[in-house]
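For this chain, numbers begin at 1 and follow the sequence in order. Worth saying up front: this structure is predicted, and the values here are computed from it rather than measured.
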Amino acid sequence: MTTSSAPTTPVPAGTADGDGLRTGRGAARDLDGAPRPRPHLAARLEDRVDAGVARLLRRRGWTVRIVAYAGYGSQGWVRVLARTLLAAPTVGGEDLPGAGGSAQTGDEPPAPPMRGWRSFLTSPVTGARLEVRVGSATHLIETDRGGYVDTVVPSDLPPGWHEVTLTSADGATAVAPVLVVGPEPTVGIVSDIDDTVMVTRLPRPLVAAWNTLVRHENAREAVPGMSRLYRELRRGHDERPVVYLSTGAWNAAPAIGRFLRRHDYPAGPLLLTDWGPTNTGLFRSGQQHKVSQLRRLFHELPQVRWLLVGDDGQHDPEIYAGAVARHADWVEAVLIRQLTAAEHVLSHGLPTATVQNEEAEAEADRPGVVVLQGADGEELLVRAREQGLVPGA
């Protein structure tokens, strides 16, 4: 058995709040040696509450459970994503709030749908030690202050989908699917979720809360034509990776996974974030999360040129324009779904895209990088075919 250490190419997880998870408790320095600031007051208060709740539940016989999320990797390494929670002994694995977070990656029946608020009633386990078995090797890892695992471990797995097994000290196990991307040059898809593949009408707070916490997941609407667009962009090239990048909370992963599977979207890891306090503030920065994850994908998978897909209702055009400006070698094209006037009003109060988004879309349109716009997946597919982005078109 070995203690995991990140290979030199991938970015070690947990080195910045922008990675989407809460930085581990107690460490004075990050993995790169930089001093780590003292956690925000809200984070320290939350830690105390979580610790008190955990002690109480432990005395009542609750045990550590593991919720696994889909990860990815390449030659020599894989990124493992999971979370540890406390649950009563009578609660089965299929009844955990996070059950089905990787529903779109496998053939097994997905967990039954539920209203989103049930996925937020959890008790995280800080500092839980887990064994991660990857192929023939086993590594020891530890959860961060939110109970999350986001770590890179050595791997000898070949390209394709595989399973890694996580085991807690209590004997709980979970299987995390991981997509290993081959070393050959290829094209991948990075897709936003809210108002790109799923009509959620974010970030209007009341509407967002209703859609996420109350509304039944089967009532969520799919953006017309987007799943077909993704399937066509991968036609004949199943090795092309798909990553779903969103500012949504990890608690919503089960509902998102089941939604993607139900509407026939390609399987791929979710890169979500944590809505709780961070080491630097009361809430995490959604834009920083997306920028950080894009940089990480560019760095870890240099053999992939990405199709960046988003919408013009929030900050996707600005974020993608920044990616084109700084990392054009890894951007194949930018595809922007244009919201309707009503969706724009719900998103930011105006019936049209913001001036900043329009300027960002123009800025992203540089030599060698195609920028496409359309009202839905069908319009974007027509434009993608015209630009030769669809294989065999």
Side-chain angles (χ1 to χ4, degrees), residues 1-15 19-21 31 66-84 98 100-108 129-143 148-168 172-190 234 236-245 250 253 257 260-261 265-272 293 296-306 330:
M1 183 181 300
T2 62
T3 300
S4 66
S5 58
T8 57
T9 298
V11 177
T15 59
D19 282 341
L21 304 183
L31 296 179
I66 306 171
V67 175
Y69 307 117
Y72 64 88
S74 191
Q75 282 188 310
W77 61 274
V78 292
R79 180 181 180 183
V80 180
L81 300 165
R83 194 183 190 192
T84 52
S102 301
Q104 89 281 16
T105 66
D107 296 326
E108 72 282 355
R129 294 180 65 81
L130 304 177
E131 291 183 3
V132 181
R133 186 168 185 82
V134 181
S136 59
T138 301
H139 312 279
L140 290 178
I141 61 176
E142 186 173 304
T143 62
Y148 290 101
V149 170
D150 181 357
T151 190
V152 170
V153 296
S155 164
D156 57 0
L157 297 174
W161 281 100
H162 301 275
E163 294 181 341
V164 302
T165 303
L166 299 94
T167 306
S168 74
T173 62
V175 175
V178 292
L179 173 62
V180 177
V181 181
E184 300 80 11
T186 188
V187 174
I189 300 172
V190 172
R234 301 177 71 246
H237 294 272
D238 292 340
E239 81 283 355
R240 290 187 169 185
V242 181
V243 176
Y244 298 95
L245 174 59
W250 278 108
L260 294 173
R261 179 172 177 176
Y265 282 93
L270 305 177
L271 296 181
L272 307 180
Q293 294 299 330
R296 182 165 181 171
L297 287 171
F298 297 155
H299 180 78
E300 291 179 329
L301 302 172
Q303 72 274 37
V304 182
R305 282 177 59 86
W306 296 95
W330 288 280

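- Minimum heavy-atom separation, Q303 to E184: CG-O, 3.6 Å.
- When all heavy atoms are compared, the tightest approach of H139 to P154 is NE2-O, 3.3 Å.
- Expressed to the nearest 0.5 Å, how far CG of L130 lies from OG1 of T165 amounts to 12.0 Å.
- Considering all non-hydrogen atoms of both residues, L166 and I66 come closest at O-CD1, 3.6 Å.
- Of the candidates V149, D150, V178, D150 is the only one forming a side-chain contact (heavy atoms from CB on, under 4.5 Å) with L81.
- For the pair P266 and V242, the tightest heavy-atom approach, listed with the atom from each and the gap, is CB-CG2, 3.9 Å.
- Here the CG atom belonging to L179 is positioned 10.5 Å from the CD atom belonging to E239, to the nearest 0.5 angstrom.
- When all heavy atoms are compared, the tightest approach of S74 to L301 is CB-CD2, 3.7 Å.
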Next item on the list: Could you please spell out the steps behind the side chain to side chain contact (heavy atoms under 4.5 Å, CB included) verdict for V243 and Q293?
Entry: CA-CA 10 Å; V243 176; Q293 294 299 330; over 6 Å; no
Next item on the list: For the pair R79 and T151, evaluate side chain to side chain contact (heavy atoms under 4.5 Å, CB included) and give the outcome as yes or no after the intermediate values.
Entry: CA-CA 6 Å; R79 180 181 180 183; T151 190; over 6 Å; no
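- Residues V78 and H162 are not in side-chain contact: their nearest non-hydrogen atoms beyond the backbone lie 4.5 Å or more apart.
- L297 places none of its side-chain heavy atoms less than 4.5 Å from the side chain of V304.
- Taking every heavy atom of both residues into account, A68 and A82 meet most closely at CA-CB, 4.0 Å.
- Side-chain contact between W161 and Y72 is absent, with no heavy atoms from C-beta onward closer than 4.5 Å.
- Within the model, atoms CD of Q75 and OG of S155 stand 10.5 Å from one another, a figure rounded to the nearest 0.5 Å.
- Y244 pairs in a side-chain contact (heavy atoms from CB on, under 4.5 Å) with only one of the listed residues (L260, L271, I189), which is L260.
- The line from OH of Y148 to CH2 of W250 is 8.0 Å long, rounded to the nearest 0.5 Å.
- The side-chain heavy atoms of H237 and T186, taken from C-beta on, include no pair separated by under 4.5 Å.
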